[in-house]
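Numbered from 1 within each chain, the chains take letters A, B, ... in sequence-line order.
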Protein chains: 2
Amino acid sequence: MSVNSTIYDIAAEAGVSIATVSRVLRGERSVSPATREKVEAVIARRNYRPSSIARGMTSKTTHSLGIVLPKLLNPNYAMIFTGAYDGARRHGYSMNMFPWKSLTDQRSTPALLLAERRLDGVIICLEYLPPEENERLMRSLQELRQYMPIVLIGCVPAAFEYPTISYNMADIARSTVEYLVGLGHSKIALIGGVEADRDDLRRDVGYRQGLEEAQLPYVDSYRAYCGGTAEEGAAALDQMLSSLLPAHWPTAVIALNDLVAMGCQDTARKRGLRLPEDLSIVGCDNLFCAPYLIPALTSIDTHQQLLGQKAVELLLSGETRRENAAWTLVRRDSCAPCKSGEPAFRTAGY
Amino acid sequence: MSVNSTIYDIAAEAGVSIATVSRVLRGERSVSPATREKVEAVIARRNYRPSSIARGMTSKTTHSLGIVLPKLLNPNYAMIFTGAYDGARRHGYSMNMFPWKSLTDQRSTPALLLAERRLDGVIICLEYLPPEENERLMRSLQELRQYMPIVLIGCVPAAFEYPTISYNMADIARSTVEYLVGLGHSKIALIGGVEADRDDLRRDVGYRQGLEEAQLPYVDSYRAYCGGTAEEGAAALDQMLSSLLPAHWPTAVIALNDLVAMGCQDTARKRGLRLPEDLSIVGCDNLFCAPYLIPALTSIDTHQQLLGQKAVELLLSGETRRENAAWTLVRRDSCAPCKSGEPAFRTAGY
DNA sequence: GAGAAAAATGTAAGCGTTTTCATATAATTC
DNA sequence: GAATTATATGAAAACGCTTACATTTTTCTC
């Protein structure tokens, strides 16, 4: 199949040495115009392209980066990947996707699957893992970083000394509460995330802070934990409503992400709640379908594509700083002013 | 950064030749257990991993495939990619994504961007292109195939002698019409696709065939062309409705894909139509959000992930057959029996 | 236990580039 | 026009593996 000529063929046909061909190839200017032209003609005629493999042998840099993602099917990750891909491309790098497993599953030498490819750097998208798995991951990371630069994406413990791009989750949660409080809500639920997740801990911090600033009590039954899918979101809200007297039902829900928000819409509707009159919902990630849900979903746009791009920039820059990514609240129709007069659970103390 | 040992280091430390190390590495059985153990110990201790680059130099096969997609952001393509990725992985290959541009944009030697990477094969996802661009693409393909096996995905002209996995678009369209006719509809619109697209021609063929079988006339104003986004779908339907007297409005719409269907829902709602009573809508691709639209969208599930996987299988098999991919109609709430009694436009002839 | 066959290991030549260093050629200088 | 410097080119050694072939060691066989 490989009808490909080598640099030797070109050299022979052009009547020069391979060194000269190589120089022409890489645009060095120490080649006389006549020779260059001659060589270029042969290259064009034979459709010759240098093998990036062979190039990698000598030049030590493969000009390819990696990104490890939990899964690509989740539209978020597809967006991060796209952003990272574009960023890499802009710098003349290629971008390779690796599934989580490459990092954790390997019995033998984890992480090194990546090392084997001699990537010039890798972006790693962090997600919650149970403690012992997380422990393994940390070790993999340590190991991996001996081989190539690493940039972390997502909510990373401050103790981590890796270059990182993340969201200020606390900030997002706090602002969202603030927004809902501004609409008159006082019974605000937070749905999604793993209870033990550091990430969500920070979300929780912001949530509590927002409530506190509005002089609202933190109500434990308004905090539900669940995975990031629509089904799980639907179940979580359903369970919350079941456990509460309708009078105490939240009037607003902050969902982990848009998928969870979609599930909440579904549950609410099945329960006969009017949206958004009886329940305001805020999602996160601003998926492409958010505007087409009924009611159109208000969501935090986390600019995931940009996130991917910035991760590449950081990776290539070689710096080790931690960066916060921007986000914006996109207001649509899923949030309405709270109608129920007196907020429940408001105690004398507040 | 590259703290990596080479095969020489391992050999030296284990007191054997590099050939032996290589043999241990590749699990050849002509190595005595004692030696193997010794070498493996050193490998483990030094965290050694052979460079896939150097491997590629000799073994001619890089164990990496490519897939070129119009864009990854579209959830469909993300699914195809995921499927292809998994398929490749299962066979021990890696999968690299390339944007369309790698194939067409290049002034100099198109296609060869891919050749440069010495892929073991490439999957190409076809999409409509205006004639002259398409011409260029065809040439790129011809050129590219000299270097590596190619598999095409999507609706490819029968004249193409490439191995292909595609949908029988005519079949899908015909069945969809049949389904809607079964619900009593006779004013069935088809929205989406490029007028000049071969692909959609086949869709059109099925559409017409379905109408014919139901003894319904083909009405030109029920056929609108547009791109594959929600916005374009919304605009297309809006324009169609504007151009028609309400009495002649279609009672059912077959949309190019779910995005277009979402746009149609939007337009219909803005026009004050009740969904699905006044307008039934069928989408295509069965995106994850389809069940959460209001009304939940009936859609053709094209099993895109499977499509990607099958493309890999076909690519690796080396066969040149053309395969048809499976699809299924997923019924949800967006299609209802037609209520308007007498279908318009039905002429004596029918 | 000598000779033959089988198994284990080593040697060295690639693979297709880049790159250093040497060499040949051309352009300067006086 | 000889000496000097700049410029253009070539020869050859890496890069880290695989693999055909040669060689050594072990295991049979009678």
### Query
Just wondering, more than 12 heavy atoms not from E37(B) lying within 6.0 Å of its CD?
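Atom CD in E37(B) is not packed in, count stays at 12 or less.
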Please evaluate the base of dG16(C) for a donor-acceptor partner in the side chain of R49(A) within a cut-off of under 3.5 Å?
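Side chain to base: no pair present.
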Just by distance, do the side chain of D86(A) and the backbone of G83(A) share a donor-acceptor pair under 3.5 Å?
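Checked: no pair found.
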Please check: side-chain N/O of S317(B) versus main-chain N/O of L315(B), any donor-acceptor pairing under 3.5 Å?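 A pair under 3.5 Å: no.
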Approximate separation, where rounding is to 0.5 Å, of S51(A) OG and M57(A) CE:
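The OG atom of S51(A) sits 10.0 Å away from the CE atom of M57(A).
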Margin query: Distance check, rounded to the nearest 0.5 Å: I7(A) atom CD1 versus I43(A) atom CD1?
Written below: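 Reported to 0.5 Å precision, the distance equals 8.0 Å.
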Write down the distance between [atom1] ([X]) and [atom2] ([N]), rounded to a whole number of angstrom.
{"X": "R55(A)", "N": "dC17(D)", "atom1": "CZ", "atom2": "C1'", "value": "20 Å"}
{"X": "I7(A)", "N": "dA12(D)", "atom1": "CD1", "atom2": "C1'", "value": "14 Å"}
{"X": "I10(A)", "N": "dG10(D)", "atom1": "CD1", "atom2": "P", "value": "15 Å"}
{"X": "I18(A)", "N": "dT18(C)", "atom1": "CD1", "atom2": "P", "value": "9 Å"}
{"X": "L25(B)", "N": "dC17(D)", "atom1": "CG", "atom2": "P", "value": "8 Å"}
{"X": "Y48(B)", "N": "dG16(D)", "atom1": "OH", "atom2": "C1'", "value": "7 Å"}
{"X": "R23(B)", "N": "dT18(D)", "atom1": "CZ", "atom2": "P", "value": "11 Å"}
{"X": "M57(A)", "N": "dG16(C)", "atom1": "CE", "atom2": "C1'", "value": "9 Å"}

Any side-chain N or O of [X] under 4.0 Å from OP1/OP2 of [N]?
{"X": "S30(B)", "N": "dA7(C)", "value": "no"}
{"X": "K60(B)", "N": "dG16(C)", "value": "yes"}
{"X": "Y8(B)", "N": "dA14(D)", "value": "no"}
{"X": "S32(A)", "N": "dT9(D)", "value": "yes"}
{"X": "T58(A)", "N": "dT18(C)", "value": "no"}
{"X": "S22(A)", "N": "dT18(C)", "value": "yes"}
{"X": "R26(B)", "N": "dT19(D)", "value": "yes"}

In terms of side-chain heavy atoms of [X], which of [options] is nearest?
{"X": "V31(A)", "options": "dG10(D), dC17(D), dT9(D)", "answer": "dT9(D)"}
{"X": "T35(A)", "options": "dT9(D), dA12(C), dG10(C)", "answer": "dT9(D)"}
{"X": "A19(B)", "options": "dT11(C), dT18(C), dT9(C)", "answer": "dT11(C)"}

* Asked: Closest approach of L119(A) and L65(A), non-hydrogen atoms and distance?
  ->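 That would be CG-C, 3.9 Å.
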Classify the nucleic acid contact of [X] as base, sugar-phosphate or nothing, counting any heavy atom under 4.0 Å across all strands shown.
{"X": "T6(B)", "answer": "sugar-phosphate"}
{"X": "R36(B)", "answer": "nothing"}
{"X": "S59(B)", "answer": "nothing"}
{"X": "S52(A)", "answer": "nothing"}
{"X": "I53(A)", "answer": "nothing"}

